[in-house]
Amino acid sequence: MSSEVIKQLQEAVQFSPENVPLRLHLAQVLLQDFQYQQAEEQYRKVLELSHDNIPAQLGLARTFYHQTKYSVAIVVLEQLEHQDPDNFDALLLHCRILVRENSMEAARDMYQHLLALNPGFRDEALDGYFRMPQQQSAPSLDDEEEEVEKIFTLEKPEINFGDVGGMEREKQEIDLKIIKPLQFPDLYKAYGKKAGGGILLYGPPGCGKTYLARATAGQIQAEFINVGIHDVLDMWIGNSEKNLHSLFELARQSKPCVLFFDEVDALGANRSSMRNSGASHLINQFLSEMDGIAANNDNVLIIGATNAPWSLDPAFRRPGRFDRIVFVAPPDQESREEVLRIQLRNKPVEAIDYRAIAKATAGYSGADLKAIVDLAIEDKLMEALQKGIPQPITQKDLMKATKTHRATTREWFNTARNYALYSNEAGLYDDVLKYLDIKK
Ligand SMILES: Nc1ncnc2c1ncn2[C@@H]1O[C@H](COP(=O)(O)OP(=O)(O)OP(=O)(O)O)[C@@H](O)[C@H]1O
Ligand SMILES: [Mg+2]
């Protein structure tokens, strides 16, 4: 949704403030655009002008729902249902809220009512509760939090920035955007800089996104929670929203904490197809949890990673969400040297010309370099087993391994180049162009 449309509608509404359909439209657009508070305000104004307006009541309830103000949402819905007892959308929303509030019996009755109104209706989440072959009641939130804790382990990473070769630009971005605000909150406040928001790391596979996120936690001795979005989607089809909430709660309780979302594009991809399946609620939930962190962000740092930033819905990049996006490039010559040194640290090596190997491995990712070292070590191990004498790793072994293992980043750049050239809005992919040495 473009902010331009919203602006125009706002102007139109200012011009004819009593125009109910117009204001209603503005409210709807704001709601779709996740601007719940503004939407709420507009719906309220519509209701001032037109008391019994059903779409406005429903819309208002929705804005409450998304702001997790469940009890007010229910008040509005009950009034609506009084006027229009078989309003399907209202009942469905009401049912979802009851589930959230753990009022399972009332929710079940309402679900049955929904099915009576529309026998073909299916909702994965609600089905999960009420249609399972062996009926089980929903777990209470406490159980769930335990469940979440079992699945997402808190870890205290041993590595820090010192273990990350090169990546000076990336480290600096992280430092300025999330570490410094944590260390000097008052200073940031004094300059009117709001802390909060997250960093989104993107780039070809194996170039250290996950590794850097983990090292960030280690750098500030924070807890680290590694969340694969696919896990969230797979594991809890039907119950993901609640689990997502518990996950953010877990992070808030474990401060300081780096909450790392891997494959974050899985959430933002195909939003229109997800909307039908009911998973769009999961997206909304994710965004509002993130906004919640922004509002009360003390000591929870959010880092996301993706190989496909172009699949991510722009709503994710709004201020307070992933508002800094950082390209994680394959390591340059110097960084490759450093990565190799780090990988070979504490291993038996002969004098090695790191520069020469780094030169021979342009375009290799950190993971590729690790693969080379592993290959060389395996070779040496075999040799040592055969000869019975351990041998140090040599330059020759490593060079030989570079011939066997080739860079794996090329394919990614083939795709990224197209996005960078043809849909580079707001210079989002300028760093990719720079890396590829393409002039704009
Ligand atoms: N700068 C670096 N310094 C040291 N090791 C590195 C560096 N970059 C990558 N590595 C090594 O490469 C491995 C793979 O990196 P990582 O898993 O972080 O890549 P990624 O960008 O998250 O990849 P993917 O997109 O596939 O998830 C790391 O576990 C680490 O051992
Ligand atoms: Mg990764």
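Order of appearance sets the numbers: ligands from 1, and atoms from 1 within every ligand. The first residue in the sequence is number 1, and the count goes up from there.
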> Quick one: does Tyr364's side chain have a donor or acceptor within less than 3.5 Å of a partner on His405's backbone?
Replying inline: yes
> How far is atom 31 (O) of ligand 1 from its nearest protein heavy atom, and which residue and atom name does that atom have?
Replying inline: Lys370 CD, 3.2 Å
> Hey, is ligand 1 close enough to Gly208 that some N/O pair sits below 3.5 Å?
Replying inline: yes
> Ion pair present between Arg252 and Glu289, side-chain N to carboxylate O less than 4.0 angstrom?
Replying inline: yes
> With a 4.5 Å heavy-atom cut-off, do Glu173 and Leu176 have their side chains touching?
Replying inline: no
> For the residue pair Tyr202 and Trp412, does the interplanar ring angle fall in the parallel (under 30°), tilted (30 to 60°) or perpendicular (over 60°) class?
Replying inline: tilted
> Is Glu223 salt-bridged to Lys255, cutoff N-O under 4.0 Å?
Replying inline: no
> Under a 4.5 Å cut-off applied to non-hydrogen side-chain atoms, are Val164 and Ile159 in contact?
Replying inline: no
>> Between Gln395 and Asp353 (side chain of the first, backbone of the second, donor and acceptor by atom type, cut-off under 3.5 Å), is there such a pair?
In response: yes
>> With a cut-off of 2.8 Å, does Tyr211 put an N/O/S atom close enough to the Mg ion (ligand 2)?
In response: no
>> Regarding ligand 1, does Lys209 bring an N or O atom to under 3.5 Å of one of the ligand's N or O atoms?
In response: yes
> In terms of atom number and element, which parts of ligand 1 are under 4.0 angstrom from non-hydrogen atoms of Asn307?
Replying inline: 25 (O)
>> Taking the ring centre of each residue, are Phe64 and Tyr36 less than 6.0 Å apart?
In response: no
> Side chain of Thr404, backbone of Lys400: donor and acceptor closer than 3.5 Å?
Replying inline: yes
> Counting heavy atoms only, which of Asp368, Thr210, Leu212 is nearest atom 17 (O) of ligand 1?
Replying inline: Thr210
>> For ligand 1 and Cys207, I'd like to know whether there is a polar contact (N/O to N/O, distance under 3.5 Å).
In response: yes
>> Show me which atoms of ligand 1 lie under 4.0 Å from any heavy atom of Val164.
In response: 1 (N), 3 (N)
> Looking only at heavy atoms, is any part of Gln343 under 4.0 Å from ligand 1, and if so is it the side chain, the backbone, or both, or is it neither?
Replying inline: side chain
> Asp163 near ligand 1, heavy-atom distance under 4.0 Å?
Replying inline: yes
> Any side-chain donor paired with an acceptor under 3.5 Å for Asn226 and Asp262?
Replying inline: no
> Which heavy atom of the protein is the closest neighbour of atom 7 (C) of ligand 1, given with residue, atom name and distance?
Replying inline: Tyr211 CD2, 3.9 Å
> Can you tell me the protein heavy atom closest to atom 3 (N) of ligand 1 and the distance?
Replying inline: Gly165 N, 2.9 Å
>> On a heavy-atom basis, I'd like to know which of Ala371, Pro204, Ala367 is closest to atom 13 (C) of ligand 1.
In response: Ala367
> What protein heavy atom sits nearest atom 9 (C) of ligand 1, and how far away is it?
Replying inline: Gly366 CA, 3.5 Å
>> Out of all atoms in ligand 1, which are within 4.0 Å of some heavy atom of Val339? Include the element for each.
In response: 1 (N), 2 (C), 3 (N), 4 (C), 5 (N)
> Among Gly203, Gly206, Gly228, which one has a heavy atom closest to atom 23 (O) of ligand 1?
Replying inline: Gly206
